[in-house]
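To keep things clear, I will list the structure first and then write my remarks on it.
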Amino acid sequence: MISIYDTLAAAIRAEQPAALITVIEGPHVGAKLLVRPDADPVGSLGHPELDRVAHRDALAELEAGRSGIRHYGPEGETTPEDLMDTPVVRVFVESWARPPQMWIFGAVDFTAALAKVAKVLGYRVMVCDAREIFATRRRFPMADEVRVTWPTPVFEARGAELGSRDAVCILTHDPKFDVPAVQGALATKAGYIGVMGSRTTHAKRMERLADVGITDPADLDRLMSPIGLDLGARTPEETAISICAEIIARRTGRVTPSLRDGRGPIHQGGSETLGT
Amino acid sequence: MKDLLDDIDRWRADGKRVALARVVDIEGSGPRDPGAAMAVNEIGEVVGSVSGGCVEGAVVTESLSILQGDRAAGIVTFGYSDDEAFAVGLTCGGTIRLFIEELNW
């Protein structure tokens, strides 16, 4: 019989989603229930009804990528009336969600730097470009996947995978590629969509997006364009940091200066930096 | 937790008993989120961390006393607002609660 720990460790190593429920207070301290989507739960918290309710709740926490404490009655009671005059069972639900994804369109120098920083932050990274000579594994060894294709088929086949924790970064600067990538990204639930380019490129891109019918203010509000925080970043690596910092800030809702909300040139001077 | 697995597996393969301490709750300015974990084996070897270095020493002591049977698995609170007589605080002024248990499951 494989233990709960061994089952959990295998799931964590394989980056398969799993949540471990542990009783931390109340009857049966230390009792555990391991839940995974599309698999039978393993273990028990001490009562079948408690197992059923906690299983359901833990799957929801896992879906949201959250870990935290929940409390129940000893037989899975959840309403305040049912919880009066019963001992409380406190459980810790620890979630190992699948890693967030970053899809990067455009196989340029900025892409390699961004893929590296994204890996540090735990993303599963896909690089996509239609040009076979640029989109190679050799140029992007840090990426989990390198695809030679246009954006539209990628979004059609796999766009449904993207959710609020995922990011789409469009670095091509090329309208042939940018416009379908933006269209594809807007059709997903991706939590972050960033599009690279100077303010001039950005203005032209907005015209082209309008030409294909992307005019809904709610859609345009999702686009971080030009991409990144206004850090004065110059090198591909600094730019990668500014993009990832913007992704974090958008997630946490903190007020940080995004390039999108500023004016004037993205790069000023430049002689003071040694980067190229 | 992922970073702990290799060491835990090695310790267990060597027949060493292991305690696992996980952050289950934070209040105020806690340095690490719920799920941050460290493991301690019966000879006091450690992997992982649960704070910015403020409470790890005390966690080792608690973990060893659980492995030695001197106390039961349970919640241990660190921070200024606690009333559980733990002297160790967090420099950030926050409070963290850990669940510490033997890894025998």
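It should be emphasised that the depicted structure is a prediction, and the values quoted were computed from it without experimental measurement.
- B:Leu103 touches chain A through its side chain: at least one heavy atom from C-beta onward sits under 4.5 Å away, while N, CA, C and O do not.
- Between B:Trp105 and A:Tyr5, the two ring planes are perpendicular [angle over 60°; tilted spans 30° to 60°].
- With respect to chain A, the highest number of heavy-atom pairs below 4.5 Å among B:Arg12, B:Glu102, B:Glu101, B:Arg22 belongs to B:Arg22.
- When heavy atoms are compared at a cutoff of 4.5 Å, B:Asp6 approaches chain A by way of both its backbone and its side chain.
- For A:Val93, no part sits under 4.5 Å from any heavy atom of chain B, backbone or side chain.
- The existence of a salt bridge linking A:Lys189 and A:Glu161 is excluded, since no basic side-chain nitrogen approaches an acidic carboxylate oxygen closer than 4.0 Å.
- Electrostatic pairing of B:Arg17 and B:Glu42 does not count as a salt bridge here, judged by no charged N lying under 4.0 Å from a carboxylate O.
- A salt bridge links A:Asp166 with A:Arg98: at least one charged nitrogen is closer than 4.0 Å to a carboxylate oxygen.
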